[in-house]
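Every chain is numbered from 1, with letters handed out A, B, ... down the list of sequences. Predicted model, so just to flag it, every value in this text is computed and none were measured.
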2 protein chains.
Amino acid sequence: MDDAAHALAGTSETIAGRLAIAIHEHRLAPGTKLIEDEVSDIFGVSRTVVRAALQKLAHDRLVTIQRNRGASVAEPTIREAREVFEARALLEPRTANSAAMRVTPSDLARLNQHIVEEHAALHAGDLGRALRLSGLFHIEIARIADQDTIYGFITQLVARSSLVIALYWQRRTALCESHAHHALLRALADRDGAQAEDLMKGHLLDLVSSLDLRQKPPGQKSLRDVLLT
Amino acid sequence: MDDAAHALAGTSETIAGRLAIAIHEHRLAPGTKLIEDEVSDIFGVSRTVVRAALQKLAHDRLVTIQRNRGASVAEPTIREAREVFEARALLEPRTANSAAMRVTPSDLARLNQHIVEEHAALHAGDLGRALRLSGLFHIEIARIADQDTIYGFITQLVARSSLVIALYWQRRTALCESHAHHALLRALADRDGAQAEDLMKGHLLDLVSSLDLRQKPPGQKSLRDVLLT
DNA sequence: ATGCAGTGTATTGTATACAATTTGGCGTTC
DNA sequence: GAACGCCAAATTGTATACAATACACTGCAT
């Protein structure tokens with residue numbers, strides 16, 4: 001490649017992937033405007049390709065597109081945040097159960113690697129990467145369950161969860177639930193579907209309770225809150 | 001409008017909607033090729049808009065896009081067909097339960113109207129329209145449950161179900177489950193969530209058992225089946 | 001006949017040009 | 001000084017031109 005401009009050229013899929021990872025790792029904050037010209041310069045492609053990528057992300061609710069106003073990283077409302085976790089509560093426990101029946105040794109190895117890397121990232125202070133690995137753990141379980149459709153739903157929900165966490169996570173919950181994943185891994189290794197299902201259910205409940213979903217997001221405090229302080 | 005060519009002009013959303021309805025009503029059969037130039041002529045817009053519409057439909061798995069080979073109406077495999085109904089079984093019963101708690105008189109009226117219209121369409125011999133109304137009944141219940149995220153999932157699954165039915169429905173099952181919807185409506189009217197949940201679970205089981213998911217789809221019969229008749 | 005290479009057409013992929021719309025700033029007026 | 005209207009810059013929406021690819025068909029050799 002002779003020109004730095006298109007050092008990162010790619011299809012709309014790869015560009016959507018890069019953006020999704022950046023969002024997942026909290027390097028692109030909710031609300032960030034995504035201007036077509038800028039993005040196309042960065043990746044060295046035309047706006048056409050970028051538009052396709054943005055539309056895909058919009059369909060996954062990772063970005064919001066308003067007609068004639070462009071795209072920005074989505075800012076889920078409290079209501080959406082609750083819905084995302086309610087949907088996860090509906091899908092993931094049963095999926096973990098199915099996964100327990102089909103899991104192979106290489107699956108277990110991969111899951112274990114996720115946990116190790118997540119731990120390493122945490123110690124290295126790379127919170128974004130730790131967060132993404134934590135999400136990948138859930139996605140990996142869905143993949144093991146071998147149900148493409150549900151896998152797709154969970155992938156989308158995990159990505160959106162990352163946005164929810166960016167907006168509503170209260171840092172005083174420091175534990176960051178790494179042993180929850182450990183326990184899940186053990187249940188899977190034991191092929192104990194019922195146990196995996198219960199653990200997943202509890203884990204998701206822990207996750208929501210580590211969020212502050214009782215008031216408006218930091219940036220969008222209600223008028224009342226602002227005026228009557 | 002002075003020109004018939006763009007009598008149906010619209011945005012990519014409306015075009016995707018038109019295509020989706022046509023697919024839902026089995027006026028576009030699985031496998032039908034969707035050529036950008038043709039579609040753009042029909043709706044009087046440029047290929048740009050049509051491409052966006054097709055990509056949206058592809059994301060919903062109603063059409064398949066292969067690079068450099070274009071888009072065609074999706075042909076779900078048996079595996080996908082099973083997955084779609086497994087996902088529905090995971091989501092819809094609980095959703096029906098939630099709907100029972102929130103349903104309003106006007107919701108009930110609308111549901112009832114769906115049933116009536118479905119019946120009328122059946123008697124008029126318009127099977128496609130009946131099928132779409134039947135799907136709308138399920139979607140309406142999800143809407144009543146007031147969970148946008150799950151509503152979106154169910155909408156997508158119902159649309160895909162229509163493709164599955166086009167491919168795998170065995171006509172000898174004539175009943176077409178109209179009283180199942182009646183029973184559901186009664187349970188909702190009674191605000192009996194548990195009953196609604198059970199009915200929905202059973203209804204979905206009836207649906208899958210009216211399909212023939214044990215062999216290859218009609219068009220793709222295995223070589224063995226063809227040769228050893 | 002069968003298989004294969006080459007060629008032309010049909011179709012999709014991408015970039016770019018232009019139109020439409022929004023946004024922010026500037027000056028005017030009250 | 002605040003409100004309003006207007007203009008310029010930035011940005012998105014759509015169409016179109018051109019490049020790249022796949023597909024069907026013909027003719028040829030075996």
Side-chain angles (χ1 to χ4, degrees), chain A residues 1-19 23 28-75 219-220, chain B residues 1-19 23 28-75 219-220:
Chain A
M1 304 218 179
D2 41 15
D3 191 355
H6 46 68
L8 288 177
T11 70
S12 67
E13 299 263 315
T14 69
I15 291 174
R18 299 286 290 243
L19 288 171
I23 292 172
L28 282 175
T32 306
K33 196 125 204 298
L34 300 172
I35 290 161
E36 298 178 356
D37 267 329
E38 286 185 21
V39 181
S40 49
D41 281 349
I42 292 171
F43 289 105
V45 295
S46 78
R47 277 176 52 214
T48 309
V49 181
V50 172
R51 273 178 83 82
L54 291 176
Q55 279 164 7
K56 173 171 163 44
L57 292 174
H59 197 283
D60 288 335
R61 313 262 207 149
L62 260 76
V63 317
T64 308
I65 294 183
Q66 288 174 291
R67 190 178 175 86
N68 286 320
R69 273 182 225 189
S72 33
V73 179
E75 304 177 276
Q220 330 172 352
Chain B
M1 301 226 178
D2 41 15
D3 191 354
H6 46 66
L8 289 176
T11 70
S12 66
E13 300 262 316
T14 70
I15 290 174
R18 300 285 291 242
L19 288 170
I23 293 172
L28 281 175
T32 306
K33 193 122 205 300
L34 300 173
I35 290 163
E36 297 177 357
D37 267 329
E38 286 184 22
V39 181
S40 50
D41 282 349
I42 291 170
F43 289 104
V45 296
S46 78
R47 279 177 50 215
T48 309
V49 181
V50 172
R51 274 179 83 82
L54 291 175
Q55 279 164 8
K56 171 171 164 48
L57 292 174
H59 197 282
D60 287 336
R61 311 261 207 155
L62 261 80
V63 315
T64 308
I65 294 182
Q66 287 174 291
R67 189 178 175 85
N68 287 321
R69 271 183 228 189
S72 32
V73 178
E75 304 177 277
Q220 328 171 356

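Residues satisfying the side-chain hydrogen bond (donor to acceptor under 3.5 Å, both in side chains) test with B/Gln55, not counting sequence neighbours, are none. Evaluation of the side-chain contact (heavy atoms from CB on, under 4.5 Å) rule for A/Glu38 yields A/Ile35 as partners, not counting sequence neighbours. Here A/Arg61 pairs with nothing under the side-chain hydrogen bond (donor to acceptor under 3.5 Å, both in side chains) rule; sequence neighbours left out. Shown here are the side-chain contact (heavy atoms from CB on, under 4.5 Å) partners of B/Ser12, two or more places apart in sequence or in another chain: B/Val49, B/Ala52, B/Ala53.
Across all strands, B/Arg67 comes closer than 4.0 Å only to sugar-phosphate atoms, never to a base (heavy-atom distances). Using a 4.0 Å heavy-atom distance criterion, B/Ile65 is classed as making no nucleic acid contact.
Separating the CZ atom of A/Arg69 from the C1' atom of C/dT23 is a distance of 10 Å, rounded to the nearest angstrom. Per the geometry, CG belonging to A/Asp37 stands 17 Å off P belonging to C/dT23, to the nearest Å. Atom pair B/Ile35:CD1 and C/dT12:C1' shows a separation of 11 Å (rounding to whole Å applied).
Two residues, A/Asn68 and A/Val49, neighbour DNA chain C, and the one matched to the more 5' nucleotide by heavy-atom proximity is A/Val49.
Heavy-atom minimum distance, A/Lys56 versus A/Ala16: CD-CB, 4.1 Å.
Taking a 4.0 Å limit (strictly below) on heavy-atom distances, residues 50-63 of chain B does not reach DNA chain D anywhere.
Taking 4.0 Å as the cutoff to heavy atoms of chain A, we find the contact window on DNA chain D bounded by D/dT11 to D/dT14.
The CD atom of A/Glu13 lies 9.5 Å from the CZ atom of B/Arg67; values are rounded to the nearest 0.5 Å.
Applying side-chain contact (heavy atoms from CB on, under 4.5 Å) to A/Val73 and the options A/Leu57, A/Thr64, A/Ile23, A/Leu62 leaves one that passes, A/Ile23.
Between B/Leu34 and B/Val50 the shortest side-chain heavy-atom distance does not fall below 4.5 Å.
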